[in-house]
Structures are given as C-alpha cells and as structure tokens.
Amino acid sequence: MASNNQGNQGNQSSSGKSNRGFASMDPQRQREIASEGGRAAHEKGTAHEFTSEEAREAGRKGGQARSQSNRSKNNAGSSSHGGTSGGNS
C-alpha cells in the first residue's frame, strides 16, 4: 500500500496541500458552483429559507458559541504563560 501514498505525492504542492478538490479551487469558481446548487435547491423547492426569528436565533447561538470558545482559549493561554504579556506591549 505504500505505493498508493507515493502516487498521491504528485498532486501536492510544496506546501504539502493537495491540488485537488473544492477547497483548492479558485474562490470565484467555488462561488459559482455553490450558487448553482442554491438555485437548483430553490427551483426544486427543497431550499430552507430562514424567517427573521430563525435567523436571529441562529446568530445568537453562534455568538454565544464564539464567545465561550474565546473565553476558554484565553483562560488556557493565561494559565500557561503565568498571566504575563509576551513582551509585545
């Protein structure tokens, strides 16, 4: 199976990232593909359209999760550095 891994190395750039797939595409091309999918879903009638209340609730939950994540990162960072600045003040 080692030969399979060696064959994939030809598809990688010097940074070690693959040159394949959606994420490696030009951002403009990504938007075009995503837009096509959105249009198709609306035409088919399967696209979800948020009400203003649903959107408000989703934004509130996202803000809470982000805030909680930042607090836990800050707490972990301050304890490992003894609460001192890195000298970049």
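Index from 1, following the sequence. None of these values were measured; they are calculated from a predicted model.
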Non-neighbouring partners of Arg29 that pass side-chain contact (heavy atoms from CB on, under 4.5 Å), sequence neighbours left out: Met25, Asp26, Glu32, Ile33, Glu36

Partners of Glu53 by side-chain contact (heavy atoms from CB on, under 4.5 Å), sequence neighbours excluded? Thr51, Arg56

Going by ring pair (Phe, Tyr, Trp, His ring centres under 6.0 Å), name the pairs with one or both residues in residues 45-65, residues two or more places apart or in two chains. His48-Phe50

Does Ser35 have any side-chain hydrogen bond (donor to acceptor under 3.5 Å, both in side chains) partners at least two apart in sequence or in another chain, and if so, which? Arg39

Test of understanding: with side-chain contact (heavy atoms from CB on, under 4.5 Å), list the residues that count as partners of Ala47, not counting sequence neighbours. Ala41, His42

Return a table of donor-acceptor pairs under 3.5 angstrom between the side chains of residues 61-70 and protein atoms on other chains or two or more places apart.
{"unit_1": "Gln64", "atom_1": "OE1", "unit_2": "Arg60", "atom_2": "NH1", "d": "3.2"}
{"unit_1": "Ser67", "atom_1": "OG", "unit_2": "Arg71", "atom_2": "NH1", "d": "2.9"}

